[in-house]
Amino acid sequence: MDISREDATREAPASLRSTALRPGPVGLVTEAIRETWSRRRLIRYLVQADLKKKGSDTVLGNIWWVLDPLLQMVVYVILVSIIFQRTTPDYPLFIFAAILPWKWFTSSVYDAITSVVGQERLIKQIQFPKIILPTATTFAGIANFAFGLIPLAGLLVFFYSDRISAYLVLIPVIAFVQFVFTLAFSYVVAGINVFFRDIANVSRHALRLWFYLSPALYSSAAIDALGEKAPVVAQLMRINPFYTFFESYRNVIYGTPEGAPLMPLWRDLAIWLVISTVFLALATLFFKRLEPAFAKVL
């Protein structure tokens, strides 16, 4: 994903070429919103360039967003259903409802981590708001998530048609809350990685642990059962945002084991929307505070 010198120069006004006067916290967040909105065309270009680059890096291109979650699903179905011999009705759909949003989150985070350092030469040469870099990679993740809905539709139509319900139209609502959280998280890791390049390595292990501590391979009932033996651990697992996200996706996609659709966890989603919005404001402030040092560190 590259930005030409001409495009970046045209997009960056002269008022942004001086960082002598730095506004306060509210001013920095407002500045970031203004910069992002005023450069929406540049962000769109970066999103398109990112999707095109990923599509040309492999033979199958963006088709991997269709195949990869299906292959992951097969691996976990074999692991849980055959090796561990745990039975859950329609388990492939059960697990896919968690794999798809998790892949969206992890791919967005990995791309955000390298979004700034990957433009090292450009940042040293041209003054422009760096916050558009992780913003663009996170928005590109939305298109990838949309690709992932194709195999989900295939599973529902060809194998689990009895679980199709009108509640599926609520997927974008859940996805919006997850997007706000993901954007905030992306700003944080993108900024930190400029100064500590080990973030990319650490994140792989941290995200893998995060996945296993979330109700992806198992249901929330397993966490409730754990609460009888280790209530503190169970409560910590419940305040995990992906407890709410996974359960909400699974409610509208999978429903109950018997096949009855359920509503998302509206109350928990509302809480996480508020938390994620505050998190996004703080992450934006954090990124903007670090931004002036990027050119020097890189």
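Below, each value reflects all heavy atoms present in this structure, side chains not excepted, and no hydrogens, waters or symmetry copies. What you see is a predicted model, and the numbers here were worked out from it, not measured in a lab.
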Query raised in the report: Looking at side-chain heavy atoms only, is the closest gap between Gln235 and Leu226 below 4.5 Å?
Result: no
Query raised in the report: Distance from Thr256 atom OG1 to Asn251 atom CG, nearest 0.5 Å?
Result: 9.5 Å
Query raised in the report: Mind checking whether Phe158 and Phe94 sit in one hydrophobic cluster, side chains of I, L, V, M, F, W, Y counted as touching below 4.5 Å?
Result: yes
Query raised in the report: For residues 147-173, which residue pairs qualify under side-chain hydrogen bond (donor to acceptor under 3.5 Å, both in side chains), counting only residues two or more places apart or in two chains?
Result: Asp90-Arg163
Report task. Determine, stepwise, if the pair Gln72 / Phe96 fulfils side chain to side chain contact (heavy atoms under 4.5 Å, CB included). Result -> CA-CA 8 Å; Gln72 289 187 50; Phe96 195 89; over 6 Å; no
Query raised in the report: For the rings on Phe211 and Tyr76, is their centre-to-centre separation under 6.0 Å?
Result: yes
Query raised in the report: How long is the gap from OG on Ser276 to CG on Leu280, to the nearest 0.5 Å?
Result: 8.5 Å
**Report entry** Smallest separation among heavy atoms of Ile253 and Leu156, with atom names
**Finding:** O-CD2, 4.2 Å
Query raised in the report: When rounded to the nearest 0.5 angstrom, what distance separates OG1 in Thr284 from NZ in Lys288?
Result: 9.5 Å
**Report entry** Smallest separation among heavy atoms of Met237 and Leu213, with atom names
**Finding:** CE-O, 3.2 Å
Report task. Run the salt-bridge test on Glu35 and Lys130 with the 4.0 Å N-O cut-off and return the result as yes or no. Result -> no
**Report entry** Heavy-atom donor-acceptor pair, Ser186 side chain to Pro134 backbone, under 3.5 Å
**Finding:** no
Validation: residues 176-183 side-chain donor-acceptor distances under 3.5 Å, sequence neighbours left out:
| residue | atom | partner | partner atom | Å |
| --- | --- | --- | --- | --- |
| Gln178 | OE1 | Tyr249 | OH | 2.9 |
| Gln178 | NE2 | Pro101 | O | 2.9 |
| Thr182 | OG1 | Gln178 | O | 2.7 |

Side-chain polar contacts of residues 268-275 - donor-acceptor pairs under 3.5 angstrom, sequence neighbours left out - could you list them?
none

Query - ILVMFWY network linking Val75 to Leu209, side-chain heavy atoms under 4.5 angstrom - result: no
Query raised in the report: Hey, does Trp102 have a side-chain heavy atom less than 4.5 Å from the side chain of Leu207?
Result: yes
Query raised in the report: Looking at side-chain heavy atoms only, is the closest gap between Val194 and Leu290 below 4.5 Å?
Result: no
**Report entry** Minimum heavy-atom distance Thr106-Lys103, with the two atoms named
**Finding:** OG1-O, 3.2 Å
Query raised in the report: Linking I/L/V/M/F/W/Y whenever their side-chain heavy atoms sit closer than 4.5 Å, directly or via other members, would Leu155 and Leu262 fall into one cluster?
Result: no
Query - Gap between atom CG of Leu100 and atom CG of Leu149 - 0.5 Å precision - result: 5.5 Å
Report task. Scan side-chain atoms only and decide if Thr135 and Tyr187 contain a donor-acceptor pair under the 3.5 Å cut-off. Result -> yes
Query raised in the report: If only atom types and distance count, is the side chain of Tyr218 paired as donor or acceptor with the main-chain N or O of Tyr212 below 3.5 Å?
Result: yes
**Report entry** Nearest heavy atoms of Ser220 and Pro215, plus distance in Å
**Finding:** N-CB, 4.2 Å
Requested in this report: Decide yes or no for Leu168 and Leu152: does some side-chain heavy atom of the first lie under 4.5 Å from some side-chain heavy atom of the second?
Outcome: no
Query raised in the report: For Tyr91 and Leu217, what are the C-alpha separation, side-chain angles and deciding distance, and is it a side chain to side chain contact (heavy atoms under 4.5 Å, CB included)?
Result: CA-CA 9 Å; Tyr91 188 70; Leu217 303 180; 4.0 Å; yes
Query raised in the report: Where is the tightest heavy-atom contact between Val29 and Ala281, given as atom of each residue plus distance?
Result: CG2-O, 3.6 Å
Requested in this report: Just do the side chain to side chain contact (heavy atoms under 4.5 Å, CB included) check on Arg44 and Val47 with the steps written out, would you?
Outcome: CA-CA 5 Å; Arg44 184 171 64 248; Val47 169; 5.6 Å; no
**Report entry** CA sep, side-chain torsions, deciding dist, call: Phe185, Phe105, ring pair (Phe, Tyr, Trp, His ring centres under 6.0 Å)
**Finding:** CA-CA 10 Å; Phe185 200 87; Phe105 176 70; 5.5 Å; yes
Query - Contact check, side chains of Leu93 and Phe159, non-hydrogen atoms, under 4.5 Å - result: no
Query raised in the report: Leu236 versus Asn240: any side-chain heavy-atom pair under 4.5 Å?
Result: no
Query raised in the report: Hey, is the main chain of Thr36 close enough, under 3.5 Å, to the side chain of Arg39 for a donor-acceptor pair?
Result: no
Query raised in the report: Nearest 0.5 Å, what's the OG-CG distance between Ser203 and Asp198?
Result: 10.5 Å
Query raised in the report: Does Val26 share a hydrophobic cluster with Ile131, counting links as ILVMFWY side-chain heavy atoms below 4.5 Å and allowing steps through other members?
Result: no
Query raised in the report: Passes side chain to side chain contact (heavy atoms under 4.5 Å, CB included), Asn193 versus Val116? Steps please.
Result: CA-CA 8 Å; Asn193 191 57; Val116 177; over 6 Å; no
Query - Note, Arg289 side chain near Leu28 side chain (heavy atom, < 4.5 Å) - result: yes
Requested in this report: Apply the test ring pair (Phe, Tyr, Trp, His ring centres under 6.0 Å) to residues Phe246 and Trp210: give CA-CA distance (whole Å), side-chain angles for both, the deciding distance (0.1 Å), then the verdict.
Outcome: CA-CA 12 Å; Phe246 286 167; Trp210 194 346; 9.6 Å; no
Report task. Sort out for me which residue in Phe245, Phe145, Phe147 forms a ring-ring contact (aromatic ring centres under 6.0 Å, His included) with Trp104. Result -> Phe145
Query - Cluster overlap Leu282 with Phe195, hydrophobic side-chain contacts below 4.5 Å - result: no
Query - Nearest-0.5 Å distance that lies between atom CZ in Arg250 and atom CG in Leu265 - result: 11.0 Å
